[in-house]
A.B. asks: 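Take a look at this one; I'll ask things after.
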Number of protein chains: 2
Amino acid sequence: MRTIKCTVQYDGTNYHGWQIQENALTVQEVLEAALAEITGARPKIVGCGRTDTGVHAKAYVFHFKSDTAIPAEKLPYALNSHLPRDIVCFAAEDVPPEFHAKKSAVKKRYTYHIQNSRFPDVFLQNRAWFYPHPLDLEKMKQAAPAFLGTHDFIGFAAAGFTVKTTVRTIYALDVQKQGDLIQMDITGNGFLYNMVRIIAGTLVFVGAGRIDPAAMPDIIASGDRTRAGITAPACGLYLSEVCYEKET
Amino acid sequence: MRTIKCTVQYDGTNYHGWQIQENALTVQEVLEAALAEITGARPKIVGCGRTDTGVHAKAYVFHFKSDTAIPAEKLPYALNSHLPRDIVCFAAEDVPPEFHAKKSAVKKRYTYHIQNSRFPDVFLQNRAWFYPHPLDLEKMKQAAPAFLGTHDFIGFAAAGFTVKTTVRTIYALDVQKQGDLIQMDITGNGFLYNMVRIIAGTLVFVGAGRIDPAAMPDIIASGDRTRAGITAPACGLYLSEVCYEKET
């Protein structure tokens, strides 16, 4: 029995997130059905984490067990011929049997897109948060370092989480602007439910002058969800990278 | 009676081009209906030119006559509230009565996008020509200058045109690559039917090694459609700019 690791890109607009659920179309379900067609048996695929309705992925990783004879390098082509145009597999490799797409992940990078201009860009529809009011990029950059390092991020998590600990480590948080598009890139060892979207919403509140960047360390330490910003819309969020080896 | 010039952006994926036709949804029709709702009378709008099914616009210009009291600077907001998300008006101004969106135009710029990599990018679906085979960018750049200046472009026009002359002047033709995306930018005093898409298809043939860049002046001079490349797909084409004043 082979263990195969696959990396896919998807436009989440038309899906109810990654994870299979009843009465709603999900990315996992579409991938399992496509794998069933090319391997002859429907595998259970294990993803690197959940993504919400409308959230996108530039590089989502999953694994599955299979007896298929298709060589790994040919698998993306075979799979893509059975996938809709909004899901594309671009890498596959055989991995040791102990590999686990979620448990073996040591680092994840997410990107959040904000279109900041007077009128929405039609080509960013469902791809970025359209925010028409002025944002002070320098203030957003000033607030970013407060998130770095290891903190209890309980104030940046949506209600209803079931994790054992709300402590996470953030390795990098960059805010850049290109044309009308503000791009926030965040790398951490893991993220709480809605954590990236709440950080994005908080940085937008900072840029809008509603939160003082100097108050950010105190807001994080307070663990008080009401002192952070709103949860930014799903359409601006992209899972950009999942790392499986510790970088030193 | 006012004469109003408007500039809109649209994602052409779901439209049968610009111009009103029976039994098919067009951008012009949607805009006229939206203007009817906000001005109280359906104006006849005059566009800067036709675009084909699936072709996009970053800055399409049209004009119309109206007695509306809405100030020009408020018109885009009023109009957008009656438009679907894939058409956005971002500029409007009062112009002299003799202004004509098509006849007054002195220069147009089109952009053509080619995604050149092994796997299609889901975020460029319907937005670029996916071309998975290797392309030699340097050869494409070498071929570009042959198009500059005034030529009879009859070999780069689709059959069935009705124009008086097939002579056009190209002011600039740039080919750049960013990541996987090759971007061709072309500026001219006007373009024949499908001309930009045939030039894009020809440059791709050059990049693929099927046409020698040194042969390009001769191919243009020949006026022979069969010596040029294929007509590149509509989805990669964007009307990027329409100029109404001669630049010196």
Side-chain angles (χ1 to χ4, degrees), chain A residues 6-15 27 30-31 51 54-60 73-81 83-92 111 113 115 117-130 132 178-181 183 233 235-240, chain B residues 6-15 27 30-31 51 54-60 73-81 83-92 111 113 115 117-130 132 178-181 183 233 235-240:
Chain A
C6 285
T7 312
V8 293
Q9 199 190 40
Y10 57 82
D11 177 337
T13 307
N14 298 317
Y15 297 96
V27 179
V30 170
L31 281 165
T51 62
V55 171
H56 314 293
K58 294 180 184 180
Y60 186 98
E73 69 273 17
K74 297 215 170 140
L75 199 72
Y77 298 98
L79 194 50
N80 290 339
S81 68
L83 288 173
R85 276 288 311 271
D86 51 8
I87 305 177
V88 169
C89 176
F90 63 89
T111 307
H113 287 179
Q115 193 221 332
S117 56
R118 287 201 299 153
F119 298 103
D121 184 320
V122 295
F123 303 108
L124 294 175
Q125 186 189 353
N126 300 322
R127 305 274 170 85
W129 179 13
F130 171 58
Q178 233 188 350
D180 288 343
L181 197 68
Q183 193 165 312
C235 66
L237 185 60
Y238 298 74
L239 174 59
S240 292
Chain B
C6 284
T7 312
V8 293
Q9 199 189 41
Y10 56 82
D11 177 338
T13 307
N14 297 318
Y15 296 96
V27 178
V30 170
L31 281 164
T51 63
V55 171
H56 313 293
K58 295 181 182 178
Y60 186 98
E73 68 274 15
K74 297 215 170 141
L75 199 73
Y77 299 98
L79 194 50
N80 290 339
S81 68
L83 287 174
R85 278 287 312 270
D86 52 9
I87 304 176
V88 169
C89 176
F90 63 91
T111 308
H113 287 177
Q115 192 219 332
S117 57
R118 286 202 299 152
F119 299 104
D121 184 320
V122 295
F123 303 108
L124 293 176
Q125 188 189 350
N126 299 323
R127 305 273 171 85
W129 179 13
F130 171 58
Q178 233 188 349
D180 287 343
L181 197 67
Q183 194 164 310
C235 66
L237 184 61
Y238 299 72
L239 174 60
S240 292

A.B. asks: With respect to A/Gln115, which candidate in A/Trp129, A/Phe130, A/Phe123 satisfies the side-chain contact (heavy atoms from CB on, under 4.5 Å) definition?
C.D. replies: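 Going through A/Trp129, A/Phe130, A/Phe123 one by one, the side-chain contact (heavy atoms from CB on, under 4.5 Å) with A/Gln115 is satisfied by A/Phe130 alone.
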A.B. asks: Can you measure from CG (B/Asn126) to CZ (A/Arg85) and round to the nearest 0.5 angstrom?
C.D. replies: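 B/Asn126 CG to A/Arg85 CZ: 6.5 Å, rounded to 0.5 Å.
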A.B. asks: For chain A, which candidate among B/Lys58, B/Gln125, B/His56, B/Arg118 shows the most heavy-atom pairs at distances under 4.5 Å?
C.D. replies: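 Most heavy-atom pairs under 4.5 Å with chain A: B/Gln125.
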A.B. asks: Looking only at non-hydrogen atoms, find the nearest pair between B/Ala78 and B/Ser81 and report the distance.
C.D. replies: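 Smallest heavy-atom distance, with atoms named: O-OG, 2.6 Å.
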A.B. asks: Under 4.5 Å from any heavy atom of chain B, what part of A/Arg127 do you find: side chain, backbone, both or neither?
C.D. replies: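 Only the side chain of A/Arg127 comes within 4.5 Å of chain B.
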A.B. asks: Name the region of A/Asn80, side chain, backbone, both or neither, that has any atom closer than 4.5 Å to a heavy atom of chain B.
C.D. replies: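 The answer is the side chain of A/Asn80.
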A.B. asks: Name the region of B/Tyr238, side chain, backbone, both or neither, that has any atom closer than 4.5 Å to a heavy atom of chain A.
C.D. replies: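 Only the side chain of B/Tyr238 comes within 4.5 Å of chain A.
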A.B. asks: Can you name the closest pair of heavy atoms from A/Val122 and B/Ile87 and give their distance?
C.D. replies: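 Minimum heavy-atom contact is CG1-N, 3.8 Å.
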